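I have placed the structure first, in the form of C-alpha cells, so that the comments after it can refer back to it.
Please read these numbers as outputs of a predicted model, since none were measured by experiment.
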Amino acid sequence: MFTRSLLGAGAAFCLASLAWAQVSPDGHWEGALKVDNRQVGLSLDLAKNEKAEWIASMGMPSENATGLVVKDLAVSGKSVKFMAVELMMSICDLTLTADGKLAGTITGQRGGPLPIEFKRTGEAKVALPSASPAVSKELEGDWEG
C-alpha cells in the first residue's frame, strides 16, 4: 500500500513539473486596457523564429489593426518587456503568472503605469513588417532639390 502511494505521489509530482515546465510566454494573448473610462482591447503575439529568437507583434481588435510593431523585445524566463511603437511608444513590462496570465503594466508618454492583463487564447500569429525592397542603382546617392 505504501509503495502504491509513493508511486502515485511520484507520478503526480512528475506530471505537475512537466506541466509547469511547458508554461512559456509564447502564444496569442488577449487583454484590455482602461483608457479615459473606456476599455481598449489589445492582442499580443509572441513566438520564436527559426533562429530561436523571440519575435512579437500586437493588435487592436476593435480597430481591426494587426501587425503593430513591437520594438526592443526582451524575454527572460517569465518576464516579457518591450516597446509598443504604435501605442505612443508605450513600455510594456509583463510577467507570466502562476495562473497562466501575462500581467503587468503599460507606461505611455502621457502617463501611467496602467495595469494590464493578458490571457492566452491560442497559438501565436506574429505579423512582422515586410522588409523594404532594395533601392535600384539608378536611385542610389545623394539627391538635392
Distance in Å, Ser24 OG paired with Arg120 CZ, rounded so as to fall on 0.5 Å steps: 8.5 Å
Are side-chain heavy atoms of Leu94 and Ile116 found at a separation under 4.5 Å? yes
Hey, could you give me each pair passing salt bridge (charged side-chain N to carboxylate O under 4.0 Å, His left out) that has a residue in residues 50-61? Not counting sequence neighbours. none
Which is it for Leu87 and Ile106 under the side-chain contact (heavy atoms from CB on, under 4.5 Å) test, yes or no, and what are the steps along the way? CA-CA 10 Å; Leu87 299 179; Ile106 184 166; 4.2 Å; yes
Sole candidate of Val75, Leu44, Asp72 that passes side chain to side chain contact (heavy atoms under 4.5 Å, CB included) when paired with Phe82: Leu44
Using atom types as modelled and distance alone, determine if a side-chain donor or acceptor of Ser57 lies under 3.5 Å from a backbone N or O of Ala127. yes
Where the side chain of Asp45 meets the backbone of Ala124, is there a donor-acceptor pair that is under 3.5 Å apart? no
Test side-chain contact (heavy atoms from CB on, under 4.5 Å) on Trp54 and Asp26 and set out the steps. CA-CA 9 Å; Trp54 284 100; Asp26 67 313; 3.8 Å; yes
Any side-chain heavy atom of Val69 within less than 4.5 Å of one from Glu86? yes
Supply the atom-to-atom distance Met83 CE to Cys92 SG, rounded to the nearest 0.5 angstrom. 10.0 Å
List, by chain and number, the other hydrophobic cluster members for Ile55, where Ile, Leu, Val, Met, Phe, Trp and Tyr join if side-chain heavy atoms come within less than 4.5 Å, directly or indirectly. Val126, Leu128
Report the distance from atom OG1 of Thr107 to atom CE of Met88, rounding to the nearest 0.5 Å. 12.5 Å
Which heavy atom of Thr105 sits nearest to which heavy atom of Pro113, and what is that distance? CB-CB, 3.7 Å
Same cluster or not: Leu42 versus Leu114, using hydrophobic residues (I, L, V, M, F, W, Y) connected whenever any side-chain heavy atoms lie under 4.5 Å apart? yes
Return each pair, listed once, that meets side chain to side chain donor-acceptor pair (under 3.5 Å) where at least one residue sits in residues 32-44; pairs must be two or more places apart or across chains. none
Any idea which heavy atoms bring Glu123 and His28 closest together, and the distance? O-CB, 3.2 Å
Between Thr66, Leu68, Leu33, which is the residue that forms a side chain to side chain contact (heavy atoms under 4.5 Å, CB included) with Met60? Leu68
Going by side chain to side chain contact (heavy atoms under 4.5 Å, CB included), Leu102 matches just one of Val80, Thr97, Thr95. Which one? Val80
Output for pair (Ser79 OG, Asp93 CG), nearest 0.5 Å, gives 6.0 Å
Phe118 to Met58 - nearest heavy-atom pair and separation: CZ-CE, 4.5 Å
